[in-house]
Amino acid sequence: QVQLVESGGGLVQPGGSLRLSCAASGRTFSRYAMGWFRQAPGQEREFVAAISWNGGSFAYGDSVKGRFTISRDNAKTTVYLQMNSLKPEDAAVYSCAAGAGTSVSLLEKHYAYWGQGTQVSVSL
């Protein structure tokens, strides 16, 4: 069982940056691939980024490539999402998820555990 708690959301102006954190409980954190997804009001949940169990592989959604960076610290059982050059369309609730396996996946169905999410707002 893995419990996930996100933090770091907030209001930022367009062009600004935020770093989200996702703290995981459980000693098996390092066995899981981790992902970030987001959901804006009235829209389906969207894949943002994922990282393999050892940080050696990554994947990003097309809309965030070149602006967002996912990383993890297994010693701290935490995964991060650095978000730069934020746009109004990046506003959403961002949730982290722990994969059922060790490899990167873009698919929600491959993630067994989910956090409650943190709100990111981007406006002047």
Side-chain angles (χ1 to χ4, degrees):
Q1 188 78 9
V2 177
Q3 293 184 325
L4 305 171
V5 179
E6 301 94 338
S7 61
L11 174 64
V12 64
Q13 293 185 352
S17 298
L18 281 175
R19 188 175 83 153
L20 305 183
S21 299
C22 174
S25 65
R27 294 178 293 176
T28 58
F29 172 80
S30 62
R31 300 179 185 177
Y32 297 103
M34 298 295 296
W36 285 97
F37 291 77
R38 67 186 183 186
Q39 187 168 23
Q43 298 186 20
E44 294 186 353
R45 188 151 55 186
E46 175 189 13
F47 169 76
V48 176
I51 188 168
S52 62
W53 69 279
N54 63 353
S57 299
F58 311 90
Y60 293 95
D62 288 341
S63 61
V64 306
K65 283 180 181 176
R67 299 187 298 122
F68 290 13
T69 303
I70 189 170
S71 61
R72 68 189 294 161
D73 185 334
N74 285 347
K76 296 182 178 179
T77 64
T78 301
V79 63
Y80 305 97
L81 185 68
Q82 178 66 44
M83 306 186 295
N84 298 328
S85 303
L86 282 161
K87 306 174 181 179
E89 51 265 42
D90 293 318
V93 174
Y94 284 70
S95 299
C96 69
T102 59
S103 299
V104 165
S105 174
L106 283 65
L107 302 178
E108 290 185 45
K109 65 180 181 181
H110 291 159
Y111 291 87
Y113 306 102
W114 293 81
Q116 292 298 311
T118 185
Q119 177 71 50
V120 171
S121 302
V122 185
S123 65
L124 293 172

By ring pair (Phe, Tyr, Trp, His ring centres under 6.0 Å), which residues pair with Y111, not counting sequence neighbours? F37
Working note: Y60 + T69, criterion side chain to side chain contact (heavy atoms under 4.5 Å, CB included); need CA distance, chi angles, decisive distance, verdict. CA-CA 8 Å; Y60 293 95; T69 303; 3.8 Å; yes
With a 4.5 Å cut-off on side-chain heavy-atom distances among I, L, V, M, F, W and Y, is there a chain of contacts connecting F58 to V79? yes
Qualifying residues under side-chain contact (heavy atoms from CB on, under 4.5 Å), relative to V120, sequence neighbours excluded: L18, L20, M83, Y94, V122
Can you list every disulfide bond (SG atoms under 2.5 Å apart) pair that touches residues 54-84, not counting sequence neighbours? none
Kindly write out the residues that satisfy side-chain contact (heavy atoms from CB on, under 4.5 Å) with A40, not counting sequence neighbours, or none if the list is empty. Q43, A92
All salt bridge (Lys or Arg N to Asp or Glu O under 4.0 Å) counterparts of K65, not counting sequence neighbours: D62
Which heavy atom of I51 sits nearest to which heavy atom of S71, and what is that distance? CD1-CA, 3.8 Å
Ring-face cation of R72 near Y32 (centre distance under 6.0 Å, axis angle within 45°): no
Smallest heavy-atom separation, S21 atom then T78 atom, equals CB-CG2, 4.2 Å
Scan for disulfide bond (SG atoms under 2.5 Å apart) pairs involving residues 35-79, sequence neighbours excluded, and state none if there are none. none
Who pairs with R45 by side-chain hydrogen bond (donor to acceptor under 3.5 Å, both in side chains), at least two apart in sequence or on another chain? E108
So, for A24 and V2, which heavy atoms are closest and what is the spacing to 0.1 Å? CB-CG1, 4.1 Å
Residues 3-12 side chain polar contacts: donor-acceptor under 3.5 Å, at least two apart:
from : atom 1 : to   : atom 2 : distance (Å)
E6   : OE1    : Q116 : N      : 3.2
E6   : OE1    : G117 : N      : 2.9
E6   : OE2    : C96  : N      : 2.9
E6   : OE2    : G117 : N      : 3.2

In one Ile/Leu/Val/Met/Phe/Trp/Tyr side-chain cluster, 4.5 Å: I70, Y113: yes
Starting at OG1 of T28, measure out to CD of Q1 and round the result to the nearest 0.5 Å. 9.5 Å
By side-chain contact (heavy atoms from CB on, under 4.5 Å), which residues pair with E46, not counting sequence neighbours? R38, S63
What one should report as the nearest heavy-atom pair of F29 and N74 is CE2-OD1, 3.1 Å
Residues two or more places apart in sequence or in another chain: which of them pass side-chain contact (heavy atoms from CB on, under 4.5 Å) with S17? Q82, N84
Residues V64 and V48: closest non-hydrogen pair is CG2-O, 3.4 Å
Does P14 offer a backbone N or O that forms a donor-acceptor pair with the side chain of D90 under 3.5 Å? no
Would you compute the distance between atom OH of Y80 and atom CH2 of W36 and round it to the nearest 0.5 angstrom? 10.5 Å
Listed by chain and number, what are the side-chain hydrogen bond (donor to acceptor under 3.5 Å, both in side chains) partners of S52, not counting sequence neighbours? N54
Where is the tightest heavy-atom contact between F47 and G61, given as atom of each residue plus distance? CE2-N, 3.5 Å
By side-chain hydrogen bond (donor to acceptor under 3.5 Å, both in side chains) - contacts of S105 (at least two apart): H110
